[in-house]
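Structure record follows, encoded as structure tokens.
Note that these values count all heavy atoms, side chains included, but never hydrogens, waters or copies made by symmetry. In each ligand, atom 1 is the first atom listed, and ligand 1 is the first ligand listed.
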Amino acid sequence: MQTMRVKSILTEKPLVEKIKVSGWIRTTRDSKSFSFIELNDGSVITNLQIFIDKSNAELVKLIPDLTTGASIEAQGALKASPGGKQDVELHAERITILGKAPAEEYPLQKKRHSFEYLREIAHLRPRTNTFGAVTRVRNALSFAIHKFFQEREFLYIHTPIITASDCEGAGQMFQVTTLPLDNLPRENGNVDFSKDFFGKKTFLTVSGQLEGEIYACALGNIYTFGPTFRAEHSLTSRHLAEFWMIEPEMAFCDLKQNMDTAEEFLKYIIGYVLEHCAPDMEFFNKWIEAGRMETLQKIVASTFTRITYTEAIAELEKAKVDFEYPVKWGIDLQSEHEKYLTEQVFKNPVIISDYPKEIKAFYMKMNDDNKTVRAMDVLVPKIGEIIGGSEREADLEKLRARLHELKLDEKEYWWYLELRKYGTIPHSGFGLGFERLIQFVTGMQNIRDVIPFPRAYTSAEF
Ligand code: 4AD
Ligand code: MG
């Protein structure tokens with residue numbers, strides 16, 4: 001007898017053979033002579049209907065324990081279903097209960113639960129339609145990302161999670177230490193970090209970019225795809241303390257080519273999910289955000305709008321909107337501004353380039369005006385910034401000057417500077433926030449609901 005997953009059963013419909021299937025009961029329906037089980041095994045959003053004929057006394061005995069949440073193995077023949085909703089159903093000949101789920105206690109009832117409640121039961125939420133769909137889409141996007149870069153011969157580089165350098169220079173790092181916090185070793189009144197595990201202060205990485213640059217400056221195009229950590233005290237629907245980032249770094253590449261790659265990349269991976277995750281995407285379209293699929297299809301077919309920061313500020317100053325955060329040249333764009341540009345003005349993804357140096361990181365290439373840097377952010381409707389990137393400063397002296405200006409210690413970045421001292425090259429890259437991408441694709445409102453186990457300011461359950 002063939003053991004099959006629900007997805008294959010529903011696509012292949014092997015009507016003649018006897019099959020075996022395992023999964024969890026989602027719901028049951030009972031009538032005088034029949035009983036029906038809706039079984040889900042995670043392979044696809046659709047349930048398999050299992051038909052129980054009550055003339056089978058062995059099966060009837062099991063019915064009290066065939067409740068929502070119970071795990072079972074069922075054997076039988078697949079037959080055409082007379083009911084309207086499904087083409088086929090399994091006519092049970094034998095059912096084994098693998099694990100009961102006491103009906104009155106099982107936390108996932110038939111009704112719809114709030115996402116806030118489901119976050120409290122993150123060990124059971126993958127058994128809901130929404131989280132099953134998010135998980136399959138997350139998986140497909142991961143695969144599409146590797147596929148995109150591998151097809152273009154980018155090398156996948158594993159950059160370190162523990163690091164001694166602050167890539168973004170923003171000081172939002174989690175410190176890693178094995179020093180006894182209640183009895184710190186001291187030297188002249190200060191904590192003596194030479195006694196720490198690595199002999200110096202270390203942190204969880206905020207970005208793999210600087211190490212990525214080392215490899216791009218030797219092997220050509222590379223990418224990273226790993227976890228990053230930011231100790232931001234933000235309680236927004238777009239910020240996590242632990243999130244996954246994809247960071248390509250391209251050798252012999254300027255800002256224009258960087259923007260071209262970012263645009264091609266986003267369209268490719270969104271197109272991949274539309275093609276390969278149709279049942280899940282239809283679910284999001286129906287239950288999470290009406291019109292999501294159409295919006296994504298339009299984006300895949302569109303050309304992203306490209307403007308400079310200075311042009312963006314001019315658009316915002318023209319706006320007849322009372323922004324909470326007043327607009328003037330030099331401000332860091334807030335989410336309200338990003339949303340206004342993408343949703344109201346351009347109704348399209350927008351790439352903004354050439355930001356003031358004051359609001360961007362030290363490593364970005366300086367423009368001739370000495371005021372703006374060759375940065376670029378990709379903004380999308382509803383989310384705002386989804387990608388941040390730049391052309392890197394390749395000139396040793398300019399980079400040093402910038403470090404000094406920002407009062408960053410040159411010694412800490414000695415190896416980064418040597419990439420400019422020996423055989424420097426123009427190079428560029430960007431970072432895509434993986435969870436923001438999943439939010440954008442699925443329409444899920446809160447970033448905590450697109451990662452299996454969210455870590456955010458004041459919460460790290462499970
Ligand atoms: O703009 P960011 O800070 O850029 C960098 O880290 C660069 N080193 C990337 C590079 O050039 N290689 O972050 C990149 C993206 C953002 O656009 C956003 O999508 C996401 O990472 N991101 C976050 N996602 C979730 N929670 C947070 N706290 C995030 N901070 C940034
Ligand atoms: Mg950014």
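Residue Arg238 holds the heavy atom nearest to atom 25 (C) of ligand 1 of all those in Glu391, Arg238, Gln439. Nearest-heavy-atom check against atom 23 (C) of ligand 1 across Tyr223, Phe243, Phe430 picks out Phe243.
Using modelled atom types, one finds no donor on one side chain facing an acceptor on the other under 3.5 Å when comparing Asn446 with Ser237.
Not a single heavy atom of Met364 lies less than 4.0 angstrom from ligand 1. Residue contacts with ligand 1: Gly429 is included, with a non-hydrogen atom under 4.0 Å away. Taking a 4.0 Å cut-off on heavy atoms, Ile447 registers as neighbouring ligand 1. Using a non-hydrogen distance threshold of 4.0 Å, Phe440 does not register as a contact of ligand 1.
Protein atoms that are N, O or S and lie under 2.8 Å from the Mg ion (ligand 2) are these: Glu385 OE2.
Partners of Arg420 under the side chain to side chain donor-acceptor pair (under 3.5 Å) rule, at least two apart in sequence or in another chain, are Glu213, Tyr416.
Here the side chain of Gln109 pairs a donor or acceptor atom with the backbone of Tyr106 at under 3.5 angstrom. In this structure a side-chain-to-backbone donor-acceptor pair under 3.5 Å is present from Asp41 to Val6. Listed for the Arg455 side chain is a donor-acceptor partner under 3.5 Å among the backbone atoms of Glu461.
Looking at atom 3 (O) of ligand 1, its nearest protein heavy atom turns out to be Arg230 NH1, 2.8 Å. At the top of the distance list for atom 15 (C) of ligand 1, counting protein heavy atoms only, stands Gly431 O, 3.6 Å. Taking atom 16 (C) of ligand 1 as the reference point, the nearest protein heavy-atom neighbour is Glu385 OE2, 3.2 Å. Here the protein heavy atom with the shortest distance to atom 14 (C) of ligand 1 is Met245 SD, 3.4 Å. In terms of protein heavy atoms, atom 11 (O) of ligand 1 is closest to Arg392 NH2, 3.0 Å. Of the protein's non-hydrogen atoms, the one nearest atom 18 (C) of ligand 1 is Arg436 NH1, 3.5 Å. Looking only at protein heavy atoms, the nearest one to atom 20 (C) of ligand 1 is Gly433 CA, 3.6 Å. Among protein heavy atoms, atom 28 (N) of ligand 1 sits closest to Glu232 OE1, 2.7 Å.
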Inset, instruction - Carefully, step by step, assess Phe252 and His427 under the rule ring-ring contact (aromatic ring centres under 6.0 Å, His included). - result: CA-CA 5 Å; Phe252 315 104; His427 61 290; 9.1 Å; no
Legend entry - Intermediate values then yes/no, ring-ring contact (aromatic ring centres under 6.0 Å, His included), His239 and Tyr457: CA-CA 9 Å; His239 287 89; Tyr457 183 47; over 10 Å; no
Legend entry - Stepwise ring-ring contact (aromatic ring centres under 6.0 Å, His included) test for Phe149 and Phe225: CA-CA 11 Å; Phe149 288 120; Phe225 187 171; 9.1 Å; no
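By the 30° and 60° cut-offs, the orientation of the rings of Tyr272 relative to His276 is parallel. Taking the six-membered ring where the residue is Trp, Phe148 and Phe265 present tilted rings, their angle falling between 30° and 60°.
Among the atoms of Glu247, some N or O lies under 3.5 angstrom from an N or O of ligand 1. Looking at Leu240 next to ligand 1, an N or O pair under 3.5 Å apart turns up.
Under the side chain to side chain donor-acceptor pair (under 3.5 Å) rule, Asn40 has a single partner from Thr46, Asn47, Thr27, which is Asn47. The salt bridge (charged side-chain N to carboxylate O under 4.0 Å, His left out) with Glu391 is formed by just one residue from the set Lys360, Lys256, Arg374; it is Arg374.
In this structure, Arg292 is positioned above the aromatic face of Phe440, its NZ or CZ under 6.0 Å from the six-membered ring centre and within 45° of the axis. Cation-pi geometry between Lys357 and Phe362 is not met at under 6.0 angstrom from the ring centre and within 45 degrees of the axis.
The atoms of ligand 1 that sit less than 4.0 Å from any heavy atom of Tyr363 are 7 (C), 8 (N).
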